[in-house]
Amino acid sequence: AQSVSQHNHHVILSEAASLELGCNYSYGGTVNLFWYVQYPGQHLQLLLKYFSGDPLVKGIKGFEAEFIKSKFSFNLRKPSVQWSDTAEYFCAVNAFSTSGTYKYIFGTGTRLKVLA
Amino acid sequence: EPEVTQTPSHQVTQMGQEVILRCVPISNHLYFYWYRQILGQKVEFLVSFYNNEISEKSEIFDDQFSVERPDGSNFTLKIRSTKLEDSAMYFCASSEVRQETQYFGPGTRLLVL
């Protein structure tokens, strides 16, 4: 079955620390990969996406992610976090289903708290 | 920048009552989705909708649920007889083409008492 795993459920960092959030997916076909962020009280916003090409993808707010096909991974990174990065981060796979549609499969989310 | 909007932002209802959650997708988008997030759990796919019909639905989307695009702008999710376990945040999303990025609305927090 298709699934997305985010291994870190809660992460606490100090400002200026580096961040890496893990995401692994289980799906045999072609996938489109996404990271979304949900700031407190706000809706899901797209951070970055990977469809094809350069496996190192740069997104908004200094985030980047690397697609490693052999590891079925799409980890999110930021070299230096800020207090304003406190949010919940969701990895998602847009998987093609046998019915001919695409649907997002989300990971469980990682709640990041950055201490000022 | 165009956004997906949802109303109401919060809805409290009694068990067994019908609720309708409303969404206005981005105007040139053709694919519409509903997801839900039970508190503390992951975001789960409910249903996708294209060309005025359901494209795919999950096992969560049983006979109590229905979706409709009553006019050219709104996309609604109806729960016929709410249960306690329907309490969740419901997100609407839309995309221009089916495999492209989905844009999410702010969600409707539904509480069933």
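Quick note on labels: first sequence line is chain A, next is B, and so on, each numbered from 1.
You'll find the side chain of Leu19(A) stays beyond 4.5 Å of the side chain of Asp85(A), heavy atoms only.
Using a 4.5 Å cut-off between heavy atoms, Leu44(A) touches chain B through backbone and side chain atoms alike. For chain A, no part of Tyr31(B) is nearby; none of its heavy atoms comes within less than 4.5 Å. Contact of Phe90(A) with chain B is made through the side chain alone, with heavy-atom distances under 4.5 Å. Of the two parts of Glu44(B), neither the backbone nor the side chain holds a non-hydrogen atom closer than 4.5 Å to a non-hydrogen atom of chain A. For Gln38(A), the part lying under 4.5 angstrom from a heavy atom of chain B is the side chain only.
For Tyr90(B) and Tyr35(B), the ring centers are positioned 6.0 Å apart or more. Centroid-to-centroid, the aromatic rings of Tyr104(A) and Tyr33(B) stay 6.0 Å apart or farther.
The only option from Trp35(A), Phe63(A), Phe74(A), Tyr39(A) that meets the ring pair (Phe, Tyr, Trp, His ring centres under 6.0 Å) definition with Tyr89(A) turns out to be Phe63(A).
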*Run the ring pair (Phe, Tyr, Trp, His ring centres under 6.0 Å) check on Phe61(B) and Phe45(B) step by step: do they pass?*
CA-CA 9 Å; Phe61(B) 194 89; Phe45(B) 169 79; 8.9 Å; no
